[in-house]
Amino acid sequence: MTAYMFPGQGSQFPGMGKDLYESSPIAKQLFDKADEILGFGITKLMFEGTAEDLMQTKVTQPCVFLHSVISVLALGDSFVPGVTAGHSLGEFSALTAAGALTFEDGLTLVAKRAAAMQKACEMQKGTMAAVLGLDDVIIEDVCAKVSAEGKPVVAANFNCPGQVVISGTEEGVDAASAQLEAAGAKRVVKLAVSGAFHSPLMDPAKVELEAAIAATNFATPKCPVYQNVDAMAHTNPEEIKANLIAQLTSPVRWTKSVQNMIASGVAEFVECGPGSVLQGLMRKIDRGVKSSHLA
C-alpha cells in the first residue's frame, strides 16, 4: 500500500509550480482557476515572487496547498492513493487529494485559515524553536513547567525521534529553550516563523476556522486520511471536521502518524508538493521504508 504525504508551511520556494503549469494542461487549468477563486494572481506570486513575498502566512499556505494538490490532480485517474496524510497545513492537501474536499473548497478553506492565523499572529506575537536530541517527555515537562510560570509554551510538532518543535510567546520559548539546553538538548534552533502555530496563541483563529469548516461540505474520502491531532486514520466527515478545527491549537503528531501508517501495511511513502522535508523525516522515523518524491 502506498501513502501520499503532503508538506506544510516552510516548504515553499520561488518559482514553485511553474514547471507543472508549463507541462500539464490540467495543472494550467487548475492554477488559472485558483486565481479566479482567490481573486488575485497567486500564481504570479508563486512563479515570480521572491522568498520574502512567499513568507507571509496568508500567501504561503495557499501556495503550498496549490503546488501539492495540483501535482496529484494532474495525474488524473492514475492517482490511486492507499492512504493520505499531511503535516499541519498539508492535512488540507491530503483531504483534497483524497476527495473529502473539492479543489475549490479546499483552497477557499486554506485561504481563510491562513488569513485567520495571520490575524492571530498580529494580535499576539509568538515564535517557535526546534529542539534536537531530547526525549519528548522531557520537552513536554519543561514546557509545562515554564507555562505554569505564566510564560506560555507547548510542544507543537513531533516531527521525528529527536526532533520536536516548541511554540509559544517569545518569553516562553526563550525560557524553555534555555532549560532544554541545560537538560541535554543537542541544539535548540529558533525558527523563522511569523507566529506560535499549534499553540493556544492560535485560539483567536479557531473561531473563524470553525465557522468556515461548518459551512463547507465534506465528503467521505476515497481512502483513509491520517490526521495530525490523534495520528489515526479517519473517513467520517464529522470526525475529520472536528479534528481539523482542533489541529489549529494541538500538536502535530507526525512521528506517530507515520508509525501507524507503517503498522497498517503502508510499504511506500510518496511526498507530493514543494521540497523534500517529509522524506528527510521519514529517514529518521524508519529507514527501512521506501520513500520518494512525486516526479
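Under a cut-off of 6.0 angstrom, the local environment of NZ in Lys256 is sparse, with at most 12 non-hydrogen atoms contributed by other residues, nucleotides or ligands. Surrounding CD of Glu22 are more than 12 heavy atoms belonging to other residues, nucleotides or ligands, all under 6.0 Å away. Other residues, nucleotides and ligands place no more than 12 heavy atoms under 6.0 Å from the NZ atom of Lys284. Around the CD atom of Glu268, the shell of radius 6.0 Å holds more than 12 heavy atoms that belong to other residues, nucleotides or ligands.
Aromatic ring centroids of Tyr4 and Phe269 lie 6.0 Å or more apart.
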| message | Does Lys190 form a side chain to side chain contact (heavy atoms under 4.5 Å, CB included) with Asp174? I'd like the steps, not just the answer. | response | CA-CA 9 Å; Lys190 207 87 164 279; Asp174 287 346; 3.1 Å; yes
| message | Could you go through Glu140 and Lys145, starting from their C-alpha distance and side-chain angles, then the distance that decides it, and tell me whether this counts as salt bridge (Lys or Arg N to Asp or Glu O under 4.0 Å)? | response | CA-CA 9 Å; Glu140 289 178 289; Lys145 182 182 168 189; over 6 Å; no
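For the 3.5 Å distance criterion, the side chains of Thr249 and His198 fail to qualify, holding no donor opposite an acceptor. A donor and an acceptor atom, one from each side chain of Arg113 and Gln247, are located under 3.5 Å apart. When only modelled atom types and interatomic distance are considered, His234 and Glu239 share a side-chain donor-acceptor pair under 3.5 Å. If you check the side chains of Ser264 and Tyr226, you find a donor sitting under 3.5 Å from an acceptor.
Put simply, Phe13 and Phe65 are part of the same group of oily side chains (I, L, V, M, F, W, Y) that touch within less than 4.5 Å, one to the next.
For Gln9, the side chain to side chain donor-acceptor pair (under 3.5 Å) criterion is met by Thr57, Gln61, not counting sequence neighbours. Checked against side-chain contact (heavy atoms from CB on, under 4.5 Å), Ile213 has the following partners two or more places apart in sequence or in another chain: Leu109, Leu209, Phe218, Lys241, Leu244, Ile245.
A pairwise comparison of heavy atoms in Met261 and Ala3 identifies SD-CB, 4.0 Å as the closest pair. Of all heavy-atom pairs spanning Gly126 and Leu201, the tightest one is CA-CD2, 4.2 Å.
Other cluster members for Val131: Leu134, Ile138, Ile139, Val142, Val146, Val153, Phe158, Val164, Ile166, Val173, Leu180, Val188, joined by side-chain heavy-atom distances under 4.5 Å among Ile, Leu, Val, Met, Phe, Trp and Tyr.
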